[in-house]
A.B. asks: 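Could you have a look at this structure, given as structure tokens, before my questions?
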Amino acid sequence: MCGIVGYVGKNKAQDFLISGLKRLEYRGYDSAGIVTLDNDGKATLVRAKGKITNLEDKLKNNKKDDKIGIGHTRWATHGEPSEKNAHPHQVDKLFLVHNGIIENYKELKAELNEYDFKSDTDSEVLAALINSFYGDGKYPLTNAVVQALKLVKGTYGIAVVSELNPNEIVVARSGSPLVIGIGHDETLIASDASALLGHTKRAIYLNDGEVATVTANNIEIKTLNAEPVSAKVEKIETNLAAIQKGGYAHFLLKEIMEQPESLTETLRGRVNIEDGVVHLGGPGIPETELRRIKHIVIVGCGTAYHAGLLASYYIEQFTPEITVETVIASEYRYRQAYIPEDSVALIVSQSGETADTLACLREIKKRGVRTVGIVNAIGSTIAREVDGGTYVHVGPEISVASTKAFTSQVIAMVMFGLTIAQAKGVKNAIIRPYVTEISKLPEAIKEVLNEAEGTVRKIVKKYVSYDHGIYLGRDVAYPTAMEGALKLKEIAYVDANAYAFGELKHGPLALIDDRFFELALLPEGELYDKAVSNVQEVLARGGHIIAVTNVDKFDLSVESIIKINSEIKIFAPLLMNLVSQLFAYYMTVEKGYNVDQPRNLAKSVTVE
Ligand code: G6P
């Protein structure tokens, strides 16, 4: 979603602001803008609707050597994407960029009735509010920011500069991330550490309720209650290569193809093949407590939710005395759900910043339930607020559609389930096959990707003209079908839905006609024959079936077959999901859409 950058130091601010905003492009946005100040405080404000290249075009006539500035990519919430709604917002001599939502902006706006608002945004209201305390700059800007924020309800990450003091940036956060990068005679601001790479590896992650006054050589952090904060300087672990395409046409293809390596990172030091056990240190739950766990609630959104759903099927297989409930965070946060005693909550999030997931985490913690994060982004808000956690370590995921994170989230959660099963004394004979397959998965993924890529690429051509797809599966293949359908609608804009095979007769069969194709996931196993009968029912009604299967003697006469050749059986659905990922990718390429930044979507959904 929206991105923030800021610069104060010895170099040209415009250069960092533009390169930083480009790094944040992947988060999704629809307009962009920057403001810089010269030594006398004179501002140059440039904003443009659409891509950053539009902003760059406008900047050609506004090149400045200014050494301080802030910038923003906006993902519209209040007010359409347009230049007037783009940030930075100017109120008199003050400029503000804002991520998040000011929930009480209407009330605040009514009180600021003397001010002539120029945009439709809640952010401009915040700028006007800060300015009402700042006025002619008699008091420090930081004080004005603090006064204003005390009146605000909602979420924010902000950066503010003023023509009256062209040496400092004031930043603050509550619910929307902000990182301060420490350079040599320069300080950089970003809503995501990836924007800082190549400039500095030393960073301070601001906490909720903190305000920082930043100059080229100084960072002073306080709470909103004026208590000084001694901030921890952390090392940014990501390297530049991890956020570049590395020869691939798109980040999405790169991220699909790097799953053998990303899953290896998830497993590193956590699997003991000889003893057939896993070891997860992160959750930090004592064995006595693990033994008592009776219920797991898994919370996530989008792909993370599907990962949780799939993991829940597996966890139930080897720990029979446990119930596992996977919930959509945006729903769960408002449900009056009862969480039984001896529960643990898994909070699943690639970015670690998703607003609804974070809200659930906070609510669940309030009820005294232990929380465990299954997170990718190191140092993210969810990672910092959970009681313990397991990083999936897949490296930066840049493409909006999540791929490599899914595979690792499923396995990380399965490993958490195995940790409980081990503590509860489940026989090693039951656990070992899971552990063995997990250890073999990276290699199997590599083989399947190599084999399937060409086949999928060819098959896709037959289905490019279809606007409707039905994904089918049952048992572990059902959540996998849901994830496959999500990928297709997210990036190829094909109306794709997933159904459990058993549900076909209860409605979806009525849809079958020449406008639809059906992608059927058919893993070997107890329910295979039943799934085949369902496929026959679709065929009998003229369906256009694409079968994805690992069954050797697959003899159904369907329109297309994608064969998975692998010794992996338990986790075959994860291999089938690679096919769905490639299918969505090549469909999107064929249709000529923007693979990495699909319309209307954002990578990290930091507003409700
Ligand atoms: C957005 C992204 C999805 C992602 C979901 C949850 O919708 O586009 O790819 O699955 O958010 O994100 P999280 O970072 O919490 O996993």
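FYI, side chains are in, hydrogens and waters are out, and symmetry mates aren't considered; it's all heavy atoms of this structure. First listed ligand is number 1; within each ligand, the first listed atom is number 1.
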A.B. asks: If the condition is side chain to side chain donor-acceptor pair (under 3.5 Å), which residues does Thr326 pass it with, not counting sequence neighbours?
C.D. replies: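 Here no residue qualifies.
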
A.B. asks: Any carboxylate oxygen within less than 4.0 angstrom of a Lys/Arg side-chain nitrogen, looking at Arg335 and Glu331?
C.D. replies: no

A.B. asks: Before giving the answer on side-chain contact (heavy atoms from CB on, under 4.5 Å), spell out for Tyr471 and Leu488 the whole-Å C-alpha distance, their side-chain angles and the decisive distance to 0.1 Å.
C.D. replies: CA-CA 10 Å; Tyr471 282 60; Leu488 196 68; 3.6 Å; yes

A.B. asks: So Tyr314 and Phe571, would you call those rings parallel, tilted or perpendicular, with 30° and 60° as cut-offs?
C.D. replies: tilted

A.B. asks: Check the orientation of Tyr434 and Phe318. Use parallel for under 30°, tilted for 30 to 60°, and perpendicular for over 60°.
C.D. replies: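 Tyr434 and Phe318: perpendicular rings.
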
A.B. asks: Going through the distances and angles, do Asp356 and Thr354 end up as a side chain to side chain donor-acceptor pair (under 3.5 Å)?
C.D. replies: CA-CA 6 Å; Asp356 287 318; Thr354 302; over 6 Å; no

A.B. asks: Measuring from each atom of ligand 1, which residues have a heavy atom under 4.0 Å away?
C.D. replies: Cys301, Gly302, Thr303, Ala304, Ser349, Gln350, Ser351, Thr354, Val400, Ser402, Glu490, Ala602, Lys603, Val605

